[in-house]
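Have a look at the structure below, then the notes.
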Amino acid sequence: MVLAKVWSVALHGADGVTVEVEADIGGGKPGIHIVGLPDAALNEAKDRVRAAVRNSGLRWPDQLVTLALSPADLHKSGSGYDLALAVSVLIADGRAPAERFAGTVLLGELALDGRLRSVRGVLPRLLTARRGGHTRAIVPRSALAEASLVDDLEILGADRLTDVVAWATGTADALSAPEPGAERAGDPPPDLADVVGQPDARWALEVAAAGGHHLLLTGPPGTGKTMLARRLPGLLPRLPREQALEVTAVHSVAGALAADSPLVTVPPFIAPHHSASTPALVGGGVGLAKPGAISRAHNGVLFLDEACEFAADRLEALRTALEEGEVRLARRDGVVRYPARFQLVLATNTCPCAPPREADCTCSPHARRRYLARLSGPLLDRVDVRVRMRPSTAVAQAPDQVTEPTEVVRARVQAARARAAHRWAAHGWRTNAEVPGPALRRHFPLPRESTALLEAGLARGVLTARGADRCARLAWTVADLAGAAPPTAQHVATALHFRGHHTPTA
């Protein structure tokens with residue numbers, strides 16, 4: 001046979017596109033041509049693949065070899081096609097039977113000596129292959145743990161190109177199957193019992209966790225803002241299987257998966273440095289955009305410590321993702337979409353000099369205003385829970401006081417989330433923070449005595465229309481934690497307090 005085809009998968013954002021890899025031998029001077037819009041890394045594959053085949057003890061055709069990747073109008077990048085290219089040439093040259101690779105996708109980078117190396121995005125590629133009707137996948141052995149997360153697909157792992165050829169020619173045990181075993185849980189999040197004092201901030205953290213609301217912590221350095229933020233994932237429920245695969249797929253594309261426990265079951269906690277660029281936050285790169293911090297925080301927590309030290313354009317870039325739960329990035333090779341439904345936690349000092357005691361501040365009023373103005377009004381309007389933290393007055397818990405651990409608080413959070421999920425089950429929303437304002441007013445309007453406070457706030461100009469909707473959602477969360485429905489005027493007053501407004505008189 002002088003013409004052969006096999007299958008691989010191209011990454012397109014957090015999704016994939018099945019790619020047909022064809023090889024044709026003959027028709028010109030000896031050489032190798034790759035067609036189908038390859039990038040530089042893929043165009044170099046012709047040298048890697050030829051060396052890998054020859055160093056594996058196999059003959060490379062002494063004729064013109066044309067390799068085509070279809071769809072031809074789709075830009076293709078990376079080294080994940082190496083194995084498919086090599087196998088297609090071997091089939092065309094009669095070194096391997098074509099029927100063994102029916103319904104099989106091939107992924108992996110080839111070293112010059114024929115070893116197989118793992119590539120990014122194995123999980124989303126195989127999910128695409130399964131949707132496309134393929135029944136088997138051959139991947140590098142080092143990627144077996146990640147590949148085994150895909151159900152209803154036969155997964156085989158190889159160390160070398162010769163293993164794939166031996167399997168194709170009849171050696172059934174030349175390739176490895178994933179080892180069965182329980183999924184290993186990651187390290188447990190830190191316990192909330194470690195935080196001494198700060199009852200208001202602890203209550204705010206519980207409310208934010210129960211409703212999926214964004215949170216702002218303001219106060220002097222050393223008051224526990226970062227400690228509280230890092231304990232938020234422990235209050236959130238474990239990710240169900242579908243969400244866990246979504247998060248794991250994004251982390252796989254970003255190359256941030258652990259080899260021994262690839263499935264992300266705990267809500268991720270991502271904390272970029274304040275010097276991070278806009279592409280580092282929202283995603284970017286040459287060709288097709290790569291995921292940024294907000295996508296790696298999908299279904300988890302994005303923590304911006306020293307938020308006022310972030311450049312204003314970095315913070316403003318978050319606004320669209322906060323509203324839509326995804327980010328769309330246009331680059332040279334196309335537009336990609338990454339999920340970005342995260343819970344935002346901001347922590348900031350009250351001024352640039354940030355003394356332990358606010359009375360010792362040496363900043364001018366203009367410097368303080370300019371510093372805090374980096375958190376713009378439109379951004380803050382999307383933050384439901386805001387709390388001012390005070391310096392601690394003790395280094396240890398008093399003997400007569402008991403600090404609730406994470407387990408106790410998480411039980412209340414899960415009960416409140418269950419009430420919200422039951423209320424919104426018919427509409428597909430899981431938390432109060434996801435509910436659009438019009439839907440909230442249409443399906444579950446607040447009683448007249450409760451809305452009076454919001455109307456007074458709107459009349460005085462201390463609330464925007466969006467802020468009133470967010471106060472209503474926050475009031476539902478407070479009521480869910482209290483086991484009461486619908487929210488009372490007291491719950492609305494609590495919501496107004498959390499948003500940093502004095503309770504207006506009706």
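Nothing here was measured: the structure is a model prediction, and the numbers come from that model.
Not less than 6.0 angstrom separates the ring centroid of H12 from the ring centroid of H75.
Shown here for A472 and L440, the closest heavy-atom pair between the two residues is CB-CD2, 3.5 Å. Shortest non-hydrogen contact noted between C471 and L496 is SG-CD2, 3.7 Å.
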Practice problem: Go through the steps for D194 and R231 under the test salt bridge (Lys or Arg N to Asp or Glu O under 4.0 Å), then give the verdict. | Solution: CA-CA 9 Å; D194 300 334; R231 281 148 182 80; 3.1 Å; yes
Exercise. Using the side-chain hydrogen bond (donor to acceptor under 3.5 Å, both in side chains) rule, take E316 and S376 through it: C-alpha gap first, then chi angles, then the decisive distance, then the call.
Key: CA-CA 8 Å; E316 295 306 303; S376 67; 2.5 Å; yes
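Of the residues R386, K225, R388, the one that meets the side chain to side chain contact (heavy atoms under 4.5 Å, CB included) test with L217 is K225.
Put simply, the side chain of H214 gets close to the backbone of L344: a donor and an acceptor are under 3.5 Å apart. Remark: side-chain polar atoms of R125 are paired, donor with acceptor, to backbone N or O of V9 under 3.5 angstrom. T128 places a side-chain N or O within 3.5 Å of a backbone atom of P124 that can act as its donor or acceptor partner. R417 places no side-chain N or O within 3.5 Å of a backbone atom of G211 that could act as its donor or acceptor partner. Formation of a donor-acceptor pair under 3.5 Å by the Y338 side chain with backbone atoms of L329 is not found in this model. Q198 contributes a side-chain N or O that, together with a main-chain N or O of R390, makes up a donor-acceptor pair within less than 3.5 Å. A distance-only check finds no donor-acceptor pair linking the side chain of S295 to the backbone of A340 [under 3.5 Å]. Between the side chain of R499 and the backbone N or O of A495 there is no donor-acceptor pair closer than 3.5 Å.
More than 12 heavy atoms of other residues, nucleotides or ligands sit less than 6.0 Å from atom CD of E449. Environment of CD in E323: crowded, with over 12 heavy atoms of neighbouring residues, nucleotides or ligands closer than 6.0 Å.
S364 and H366 form no side-chain donor-acceptor contact under 3.5 Å, judged by distance and modelled atom types alone.
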